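Note that the structure is predicted; figures quoted are calculated from it, not measured. Residue numbering restarts at 1 for every chain, and letters A, B, ... go by the order of the sequence lines.
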Protein chains: 2
Amino acid sequence: MSLTNASPADAARAAKSASHVLATLSAEARNDALTVIHAGLTAARDEILAANARDLELARQAAADGKLSASLVSRLDLGKTGKWEDMLKGILDVRDLEDPVGRVTLRTKLDDGLELERVTCPIGVLLIIFEARPEVIANIAALAVKSGNAAILKGGKESTESFVAISTAISNALSQTQVPNDAIQLVTTRESIPQLLALDRDIDLVIPRGSNELVRYIKENTKIPVLGHADGLCSIYLTASADAKLAADVVVDAKTSYPAACNSVETLLVQESALTTVFPAVASALAAKGVELRCDAASTAALSPEITNIKDATPEDYNTEFLSLTLAVKTVPDLSAAIAHINTHGSHHTEAILTADQAEAERFMSAVDASGAYWNASTRFADGMRYGFGTEVGISTNKIHSRGPVGLEGLMIYKYKIRGQGHVSAVYGEGEGKRRFKHERLAI
Amino acid sequence: MSLTNASPADAARAAKSASHVLATLSAEARNDALTVIHAGLTAARDEILAANARDLELARQAAADGKLSASLVSRLDLGKTGKWEDMLKGILDVRDLEDPVGRVTLRTKLDDGLELERVTCPIGVLLIIFEARPEVIANIAALAVKSGNAAILKGGKESTESFVAISTAISNALSQTQVPNDAIQLVTTRESIPQLLALDRDIDLVIPRGSNELVRYIKENTKIPVLGHADGLCSIYLTASADAKLAADVVVDAKTSYPAACNSVETLLVQESALTTVFPAVASALAAKGVELRCDAASTAALSPEITNIKDATPEDYNTEFLSLTLAVKTVPDLSAAIAHINTHGSHHTEAILTADQAEAERFMSAVDASGAYWNASTRFADGMRYGFGTEVGISTNKIHSRGPVGLEGLMIYKYKIRGQGHVSAVYGEGEGKRRFKHERLAI
């Protein structure tokens with residue numbers, strides 16, 4: 001790991017070269033490096049927390065001056081109960097995951113002595129751009145080493161001291177391993193971001209970890225594929241057949257358990273025939289949790305005057321990711337209208353239907369154009385740890401490569417290997433005297 | 001299928017809406033549509049070949065005036081022996097492939113009554129931009145319908161009459177099926193290309209089928225993911241342990257069986273110790289086939305003066321896709337140098353090593369950064385039909401999503417479905433009184 005003063009172009013080229021070495025290391029060599037990184041960070045605990053305290057002091061001053069949000073200060077703090085331990089445990093958790101490199105996913109006998117094999121391999125060079133959380137460095141370095149990818153890391157300026165301290169420890173650790181030092185490159189200046197985003201020859205994938213604005217800026221300013229999501233506009237469709245208590249529990253969880261999360265619900269679509277049956281109980285439960293409802297005329301009319309936390313919805317409310325205790329409510333006649341609304345206004349993240357009707361649920365789950373489609377469950381389950389992936393690289397709303405919560409698999413691609421005995425192509429074909437391919441699927 | 005006068009933006013929006021319907025159709029409905037398209041084209045044979053004859057006449061005039069290449073005229077001709085029949089057979093071949101939609105690739109029990117499922121689904125809307133070959137329309141329409149994707153097709157102007165005749169037949173056929181008419185949109189004006197490439201909200205994937213220049217133009221001018229390859233700069237590394245006859249056969253096949261193909265070899269790397277042993281036989285065999293060698297000093301020196309088809313290589317020759325009977329030859333000391341050359345100069349397409357040493361071959365195949373890495377086999381095997389995929393969407397040199405020859409799988413993504421019973425997220429966690437996820441892998 002090198003904290004480089006090299007130009008972004010040189011850093012990317014060095015990372016690319018290192019990626020070619022890293023891609024050929026054994027699982028043992030990559031896992032050993034993670035053990036050594038873990039030990040190195042453990043030994044450097046005091047220096048790192050001292051550096052983090054210096055970042056925090058500056059951030060608290062900036063917050064006091066109104067220049068930084070309190071939540072950012074909170075995210076910066078590595079000294080919070082359990083955070084340091086979680087960071088270290090995360091490295092060993094990643095180490096202990098199944099090796100994602102070199103898995104054979106297809107084997108075909110093309111002809112006698114001629115075998116085709118598809119085998120997983122690292123993508124190459126990742127560019128990770130993140131904001132305040134300094135523990136992301138350790139997390140991402142672990143994921144990169146485990147998956148055999150080189151990584152270029154760019155952190156936020158508020159966490160510079162923590163970033164340098166953590167990376168110095170990782171760098172010292174890496175120098176005792178087979179992982180090339182250039183495999184993890186650190187970049188500290190903000191000005192380097194546009195330059196890095198232009199290096200589409202050496203950087204293969206950008207992973208932003210931060211605000212919607214950061215992700216949107218990156219998506220708008222690079223031709224390198226971006227794995228992530230700018231928006232999380234999740235909807236729940238409440239049907240007339242849903243159980244009222246079940247519906248209230250799910251919608252309250254989806255809205256209130258962590259309103260700032262991308263998988264929180266932002267729009268509640270209510271079937272017209274549910275307005276006076278199931279909906280009032282859901283609205284009451286939300287109101288009891290302090291949720292403001294932005295209702296259309298029909299849903300407003302369905303609620304008793306006791307529920308006061310209601311405002312008239314504007315058209316823009318149905319395109320808004322509130323990230324707070326606010327929920328847009330819209331009445332729709334039926335399933336088709338609910339699906340059409342979601343496919344027009346949604347962000348392809350996670351959508352849920354609440355219904356007792358299995359056929360309706362299955363139709364909803366097939367038809368909504370989203371990475372997650374749930375039946376009678378909270379949208380908040382959209383998460384790599386909750387899905388059981390062991391780690392999470394991010395949540396993708398892309399339509400190719402990886403979609404939804406992305407684990408280590410999202411950092412892999414594959415290559416085809418052919419092993420022959422001097423086979424040439426010209427002898428194969430349809431005509432007379434031509435050989436035919438055998439195309440026998442072989443066991444993996 | 002609609003031959004639309006609508007704006008590109010309206011066409012793309014209509015395709016997106018249609019894609020949401022198409023995504024929910026059963027395999028039977030999609031396969032039936034392919035049967036009907038096949039019948040419709042069969043019935044319209046005479047009109048289509050007459051339209052194609054009109055295109056051909058104009059193209060032949062243009063060729064006579066030196067405005068069009070003879071090879072383009074040849075590619076335009078649907079009346080060539082077997083071409084029409086191949087086009088029609090291709091539709092039924094695609095129909096009879098395994099259904100790519102709705103395949104469950106992961107099932108996990110998250111908790112009692114809470115199941116996660118990952119299931120394949122179409123990507124959405126494809127934009128296909130192709131040049132002279134009119135049969136591509138039928139081929140792509142079949143692939144799109146089979147995979148449940150909507151498609152916008154933009155053909156070259158030389159094939160306009162054929163294009164309109166084929167698409168009218170397909171459109172008439174589709175109107176008798178459950179596939180929405182807007183699912184296949186045709187665009188005929190060249191001016192529409194930049195507009196279409198800007199529609200990254202409604203178009204999910206661009207597939208160019210044509211010259212390197214076309215692909216490069218498209219990659220440079222869109223933020224939509226592009227599936228394809230601009231360059232095919234394939235190399236073969238000839239080692240001292242390779243059998244001379246085997247080596248000559250493979251290199252001759254890779255260079256001469258179809259020099260204009262992207263999977264033909266362009267650079268021969270020769271191990272220094274093979275220069276006077278194996279290399280002369282390979283060079284003689286190439287010379288006998290009329291191949292011009294662009295040699296460095298060491299390889300020139302190794303050849304007897306009888307081989308006259310030699311020129312001095314320039315540095316640019318090692319970055320050139322000749323697409324003709326020309327081959328760059330470079331001497332390298334060892335495997336590491338060969339790998340480094342390929343990873344610096346190659347196009348990540350297909351590379352081969354000729355060696356009797358298995359360990360060396362395996363190291364080469366792991367280390368080269370390419371979609372195909374072969375041992376003792378011709379690079380010309382890089383092809384979807386030869387790999388046994390049944391069809392080929394194209395060959396990708398991308399580092400994410402799909403790489404190498406791409407079959408129907410490359411037109412698919414997946415979504416996660418969760419089926420619950422009112423499950424909420426807030427009850428799960430590490431603390432006391434919290435539920436733990438079960439994360440039991442279930443059979444598929």
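- Only the side chain of B:Phe389 comes within contact range of chain A, with at least one heavy atom under 4.5 Å from a heavy atom of that chain.
- In this structure, a donor-acceptor pair under 3.5 Å is absent between the side chains of B:Asn376 and A:His423.
- Neither the backbone nor the side chain of B:Arg436 comes within contact range of chain A, judged by heavy atoms closer than 4.5 Å.
- Heavy atoms closer than 4.5 Å to chain A are found in the side chain of B:Ser257, but not in its backbone.
- At a 4.5 Å heavy-atom cutoff, the contact between B:Ser402 and chain A is made by backbone and side-chain atoms alike.
- Taking the side chain as every heavy atom from C-beta outward, A:Leu116 and B:Phe381 never approach each other to under 4.5 Å.
- In this structure, chain B has no heavy atom under 4.5 Å from any part of A:Lys245.
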Applying salt bridge (Lys or Arg N to Asp or Glu O under 4.0 Å) to B:Arg419 and A:Glu362, what does each step give before you reach the verdict?
CA-CA 9 Å; B:Arg419 297 178 180 88; A:Glu362 295 296 336; 2.7 Å; yes
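- With a 4.5 angstrom heavy-atom cutoff, B:Ser366 touches chain A via backbone and side-chain atoms both.
- Heavy atoms closer than 4.5 Å to chain A are found in both the backbone and the side chain of B:His401.
- If you measure heavy-atom distances from B:Glu220 to chain A, the contacts under 4.5 Å come from both the backbone and the side chain.
- When heavy atoms are compared at a cutoff of 4.5 Å, B:Lys223 approaches chain A solely by way of its side chain, counted from C-beta outward.
- Looking only at side-chain heavy atoms (C-beta outward), A:Asp204 and B:Ile400 stay at 4.5 Å or farther from each other.
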